[in-house]
Amino acid sequence: MSSVAAAHVSRTHTCGALRTDHVGGRATLVGWVNSYRDHGTGLVFIDLRDRFGVTQLVFDREDASQELLQAADALRSEDVIRVSGPVRTREGGSNPKLETGAIEVVAEELEVLNKATTPPFQPGDTSNLPGEETRLKHRYLDLRRQEMQGHLMTRHRASKVARDYFDENGFIEVETPVLCKSTPEGARDFLVPSRLTPGGWYALPQSPQIFKQLLMVAGCDRYMQIVKCFRDEDLRADRQPEFTQIDLELSFVSRDEVIEICSGYLTRLWKETLGYDITSMDVISYQDAVDRYGIDRPDRRIGLELVDISDIAAKTDFKVFSDALAKRQGVVKAIRVPGGADKLTRKLTDGYTEFVKQFGAGGAPVTKIVSMPDGGLTFQGGIAKFFVPSVRDELISRMQAKVGDVLIFGADTHAMASKALAELRLKVARDLDLYPKPGDANFWNFCWVVDFPMFEYDEETQRFYSMHHPFTGPRADHLASFMAADPSDRDALEGIVTDGYDIVCNGSEIGGGSIRIHRQDVQSKVFELLGIGKEEAREKFGFLLDALRYGAPPHGGLAFGFDRLVMHLSGTDNIRDVIAFPKTQTGADIMSDSPGPVDPKQLEELFVKNDGLPEA
């Protein structure tokens, strides 16, 4: 039978359900035509697809009615159909690429539920996909692909694990406002004008930070929320203007307790989604991370650690080293590349100088380790001539260098040299293919980074900013020096350490938090040191300051970047792959053509001028 309109579309099985134990029974399937094949053998094959899988359908030209064959011959990719018939063992051999590859359904009834026009690309043809822009323009087609359906399922499972796990650990889910007050000390806010308050503006929340602290004051004790957050900032492959966090806050806890409970979530998440057992999560200090890897979110799977050789470099007459060491917090660091002499060509090492310049460094001097006739080691090429034998031997010992190794140097301020070498070590790892592959024992590496500085100084604006946010508390043993700190004492402020912590997976920060400030005097001191006056603090954070007066408990929390978690679990490096309807790197939704102009009357109602803006 064949019909254009659908009167009855129920199914007995999904397109991923049928197995050999269904042979001899009947099945009714619904879905999209994935492919059509007529090999001239008297049989027509249709692969039918839904989000659960693909099943092969067979139309037999000898046994089927002419009406059924005509309807089958007219089918095209992405037509929506309903088919019924007996299940049999797949003739011609099983297809191991399909979970349903051992069976096929002999079509006896066909109902066309909806004809599709020729799509701009075939979701079932993974070998011929268009560029991302075309796929985002027709996202509803892109999401039909099995890979994308897998990403959505992984996201679903991750959120379910979160709700189950944190519920079992005494958390309650509480929703916080989406329209809230604009506050300083973060990325740019997305602003929403108020029609009922002329000249008044809401801000979309960059995070529920203040609200979850208020929930602790309110006695909720343990809060969680899977929540949308918004930041108007420059985008990249792992960042979106609207993103999702698993947001957590707990009362009466220490840093170690927060780390323990959040580690438990990650352990369960990786086990239930990937079947992988996380066996360790090291805890390292911020200073150790920056000293050894140049960055506070280290990828520790590839070696190539940074070594401070400032004391040795000071014994050379290499001007690049001496100029760097003359700077405030100047350092010279080096990376040893094992066996690099045979792999790093002159073209590559010359390119490293240009590479680090984009991060503000002046260059990346190199030399390689070779053997001498007497069996000793020496330098060859690059900056070898600047090392007298005793200094050379001291450096070889410090770096634990061997014949065939290459040493790469960075010299500048501690911040600049660390940043440049942090990026360079990753590039060297890519060039030498040092990264473990999926399935390797060391593919996953987790670590907690703790003891962050409370403040970081911005040379451009000549002022301090909170490294995390202004509600992060100083570590208990730094509280006295924090309360006594003078805003003009840069050294003192840079020495204050917080009870902050980040969780890092394979060099990607997947979560971060801190023990918060629960005392009004401590919070006011933070505002003072950040140059936020009393009036501004009262205007922006008055409700929080008031709340801290009424018995706020000690508390702390963390937010996981949910999209990044799913990105890692899904094995992609593009966060847009794991968000159903993402924005491009310019913040645009090219499917719905937003952002776009609005009717001038709407702007008038909101008391917003249209000067210089395009008309709707």
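What you see is a predicted model, and the numbers here were worked out from it, not measured in a lab.
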Is there a donor-acceptor contact under 3.5 Å linking the side chains of [X] and [Y]?
X      : Y      : value
Ser514 : Arg516 : yes
Ser508 : Asn506 : no
Asn574 : Glu132 : yes
Glu257 : Ser254 : yes
Thr572 : Ser570 : no

Within a reach of under 6.0 Å around [atom1] of [X], are more than 12 heavy atoms found that belong to other residues, nucleotides or ligands?
X      : atom1 : answer
Phe52  : CZ    : yes
Glu168 : CD    : yes
Arg430 : CZ    : yes
Lys601 : NZ    : no
Asp282 : CG    : yes
Lys160 : NZ    : no

Worked verdict on Ile46 versus Val83 for side chain to side chain contact (heavy atoms under 4.5 Å, CB included): CA-CA 11 Å; Ile46 297 287; Val83 173; over 6 Å; no

Heavy atoms only: give me the nearest [X]-[Y] pair and the separation to one decimal.
X      : Y      : answer
Val33  : Arg49  : O-NH1, 4.4 Å
Glu78  : Pro123 : OE2-CD, 3.4 Å
Ala203 : Leu191 : CB-CD2, 4.1 Å
Asp189 : Ser182 : OD2-OG, 2.6 Å
Asp299 : Leu426 : CB-CD2, 4.2 Å
Glu249 : Gly556 : OE2-C, 3.4 Å

Within the side chain of [X], is there an N or O that forms a donor-acceptor pair under 3.5 Å with the backbone of [Y]?
X      : Y      : value
Arg425 : Gly303 : yes
Asn95  : Lys97  : yes
Thr12  : Thr28  : yes
Arg188 : Asp232 : yes
Asp589 : Lys583 : no
Arg255 : Ile515 : no

Distance, nearest 0.5 Å, that separates [atom1] of [X] from [atom2] of [Y]:
X      : Y      : atom1 : atom2 : value
Glu423 : Ile295 : CD    : CD1   : 5.5 Å
Leu179 : Leu204 : CG    : CG    : 6.5 Å
Phe121 : Ser77  : CZ    : OG    : 12.5 Å
Leu269 : Leu569 : CG    : CG    : 5.0 Å
Gln146 : Thr126 : CD    : OG1   : 10.5 Å
Met224 : Phe560 : CE    : CZ    : 10.0 Å

Is any NZ, NE, NH1 or NH2 atom of the basic residue among [X] and [Y] found under 4.0 Å from an Asp or Glu carboxylate oxygen of the other?
X      : Y      : value
Asp73  : Arg61  : yes
Asp79  : Arg76  : no
Lys343 : Asp433 : no

Check against side chain to side chain donor-acceptor pair (under 3.5 Å), Ser127 and Asp125: CA-CA 5 Å; Ser127 65; Asp125 185 3; 2.7 Å; yes

Stepwise salt bridge (Lys or Arg N to Asp or Glu O under 4.0 Å) test for Asp47 and Arg37: CA-CA 9 Å; Asp47 284 344; Arg37 304 184 304 282; 3.1 Å; yes

side-chain hydrogen bond (donor to acceptor under 3.5 Å, both in side chains) partners of residues 210-221, not counting sequence neighbours, each pair once: Gln209-Gln213, Lys212-Asp247, Gln213-His555

Sub-4.5 Å side-chain heavy-atom contact between Gln245 and Pro208: yes

Within-4.5 Å side-chain heavy-atom neighbours: Arg145 and Leu129: yes

By ring pair (Phe, Tyr, Trp, His ring centres under 6.0 Å) - contacts of His22 (at least two apart): His13

Steps toward salt bridge (Lys or Arg N to Asp or Glu O under 4.0 Å) verdict (Asp50, Arg11): CA-CA 12 Å; Asp50 62 12; Arg11 60 186 169 190; 3.8 Å; yes

Candidate pair Thr176 and Gln225, rule side chain to side chain donor-acceptor pair (under 3.5 Å), full reasoning: CA-CA 8 Å; Thr176 53; Gln225 184 182 189; 3.1 Å; yes

Relative to each other, are the rings of [X] and [Y] parallel, tilted or perpendicular (30° and 60° limits)?
X      : Y      : result
His138 : Tyr140 : perpendicular
Phe446 : Trp270 : perpendicular
Tyr265 : Tyr165 : tilted

Residues Arg155, Asp563; criterion salt bridge (Lys or Arg N to Asp or Glu O under 4.0 Å); working and verdict: CA-CA 8 Å; Arg155 191 179 182 102; Asp563 308 298; 2.8 Å; yes

Test side chain to side chain contact (heavy atoms under 4.5 Å, CB included) applied to Cys262 and Trp448, step by step: CA-CA 11 Å; Cys262 290; Trp448 287 93; 3.8 Å; yes

Derivation of the side chain to side chain contact (heavy atoms under 4.5 Å, CB included) call for Phe452 and Asp502: CA-CA 9 Å; Phe452 283 81; Asp502 285 352; 3.3 Å; yes

Glu509 vs Arg297, salt bridge (Lys or Arg N to Asp or Glu O under 4.0 Å): CA-CA, chis, key distance, verdict: CA-CA 6 Å; Glu509 179 195 331; Arg297 46 177 177 81; 5.9 Å; no

Charged tip of Arg301 within 45° of Phe443 ring normal and under 6.0 Å: yes

Residue pairs involving residues 98-107 (criterion salt bridge (Lys or Arg N to Asp or Glu O under 4.0 Å); sequence neighbours excluded): Arg19-Glu99, Arg88-Glu104

Intermediate values then yes/no, side chain to side chain contact (heavy atoms under 4.5 Å, CB included), Leu266 and Met281: CA-CA 10 Å; Leu266 293 175; Met281 294 188 192; 3.7 Å; yes

